[in-house]
Amino acid sequence: MKARLVIVGPPGAGKGTQATTIAQAMGIPEISTGAIFRANIAGGTELGKRAQGYIDGGNLVPDEVTDAMVRARLGEPDAAAGFLLDGYPRNAHQVEELDRILADLGTQLDAVIELVIPDDAIVGRLLHRAEVEGRADDTEPVIRHRIEVYHQQTQPVVSAYERRGIVLAIDGVGTIPEVHDRIVAALSARLSA
C-alpha cells in the first residue's frame, strides 16, 4: 500500500515514532524536515550552506530554503511511489507550496494523519520524559507554551486539509502499538475508499 502522507501532532505526541513505523510498514520513505536539513548541511549543498547560516545565527530557516529542500527531496526516485512527510508543511504558505510541488510531480496528498491528544496528557508525558531524561528546561510553563505555539501554527494547516476531506484524526492516547493500529485502520479505510 503506497501513499503520499503528512503526519502532524503536538510535541510529545509520538509523531516521530509513528512516522517511522508507518513508513516502514508501507514501504515508503519517512521524510522529516530535520533529516533533510542535516543531510543538506552534511552534504555541503548550497541549500545546506544557506540553512546552516540561519541556524548558526539562532534563526529559523526561512520558508524558501525549506521549500526548496522539500522539493528536491520529493523529486528523488524513492519518493515517487509515496512518502510520509513529518514537520512539513508547518504554515499556510507551506501548504500552498506543497500543492505546487506535488502538482509539478503530477500527484497529490492522499491523507494527513493528525495525532490528537489532550493538552494535559501531553504535559504529563513531557514532564515524565523531562524527569527521566534530566531535561531541566522542560518545565510545565515551557511545555504549555510549546503546545500553544503548536496549536497556533498547525491549526491553519489542519483546517486547510480538513476542507479537502483528507484529515484522519487519530486518538494518540495509548501504547505505541495501539496508536499504530488505529493509524493503519484509518489509512486502510481511506486508501481503499
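Please read these numbers as outputs of a predicted model, since none were measured by experiment.
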_Lys2 (side chain) donor-acceptor with Gly27 (main chain) under 3.5 angstrom_ = yes
*May I ask you to decide if Ile176's main-chain N or O and Gln18's side chain share a donor-acceptor pair within less than 3.5 Å?*
yes
Gap between atom [atom2] of [Y] and atom [atom1] of [X] - 0.5 Å precision:
| X | Y | atom1 | atom2 | result |
| --- | --- | --- | --- | --- |
| Ser32 | Ile7 | OG | CD1 | 12.0 Å |
| Ile122 | Ile147 | CD1 | CD1 | 4.5 Å |
| Ile36 | Tyr88 | CD1 | OH | 9.0 Å |
| Glu178 | Asp171 | CD | CG | 9.0 Å |

*asked:* side-chain contact (heavy atoms from CB on, under 4.5 Å) for Met26 and Leu5? Distances and angles first, verdict last.
replied: CA-CA 11 Å; Met26 296 183 75; Leu5 309 169; 3.8 Å; yes
*Apply the side chain to side chain contact (heavy atoms under 4.5 Å, CB included) test between Ile170 and each candidate in Leu115, Val116, Leu187; give the one that qualifies.*
Leu115
If a pair satisfies salt bridge (charged side-chain N to carboxylate O under 4.0 Å, His left out) and one of its residues is in [range], list it, with sequence neighbours excluded.
| range | answer |
| --- | --- |
| residues 91-109 | Arg71-Glu97, Arg71-Asp104, Glu97-Arg100, Asp99-Arg164 |
| residues 37-54 | Arg50-Glu64 |
| residues 111-120 | Asp120-Arg144 |
| residues 22-36 | none |

*For Asn91 and Gln153, what are the C-alpha separation, side-chain angles and deciding distance, and is it a side-chain contact (heavy atoms from CB on, under 4.5 Å)?*
CA-CA 6 Å; Asn91 57 44; Gln153 291 179 348; over 6 Å; no
_Partner residues of Thr107 under the side-chain contact (heavy atoms from CB on, under 4.5 Å) criterion, sequence neighbours left out_ = Arg4, Leu102, Leu105
Where do [X] and [Y] come nearest, in terms of heavy atoms and distance?
| X | Y | answer |
| --- | --- | --- |
| Gln94 | Asp63 | NE2-OD1, 2.8 Å |
| Asp110 | Ala3 | OD2-CA, 3.3 Å |
| Arg146 | Pro11 | NH2-CB, 3.4 Å |
| Tyr150 | Val8 | OH-C, 3.9 Å |
| Asp86 | Gly16 | OD2-CA, 3.9 Å |
| Asp138 | Ala130 | CB-CB, 3.5 Å |

Answer whether the closest heavy-atom distance between the side chains of [X] and [Y] falls below 4.5 Å.
| X | Y | value |
| --- | --- | --- |
| Ile166 | Arg190 | yes |
| Leu98 | Val6 | yes |
| Arg73 | Pro29 | yes |

Quick check on [X]: does its [atom1] atom have over 12 non-hydrogen neighbours (other residues, nucleotides or ligands) under 6.0 Å away?
| X | atom1 | result |
| --- | --- | --- |
| Arg90 | CZ | no |
| His151 | NE2 | yes |
| Gln108 | CD | no |

Tell me whether [Y] is reachable from [X] by hopping between hydrophobic residues (I, L, V, M, F, W, Y) whose side-chain heavy atoms are closer than 4.5 Å.
| X | Y | result |
| --- | --- | --- |
| Val142 | Ile117 | no |
| Ile31 | Val65 | yes |
| Val173 | Val167 | no |

*Do Asp78 and Phe83 pass the side-chain contact (heavy atoms from CB on, under 4.5 Å) test, and can you show the C-alpha distance, the side-chain angles, and the key distance before you say yes or no?*
CA-CA 8 Å; Asp78 69 331; Phe83 56 80; over 6 Å; no
_Chi angles and distances behind the side-chain contact (heavy atoms from CB on, under 4.5 Å) call for Ile183, Leu168_ = CA-CA 8 Å; Ile183 294 170; Leu168 303 174; over 6 Å; no
*asked:* Filter on side-chain hydrogen bond (donor to acceptor under 3.5 Å, both in side chains), then keep only pairs touching residues 121-132, sequence neighbours left out; what's left?
replied: none
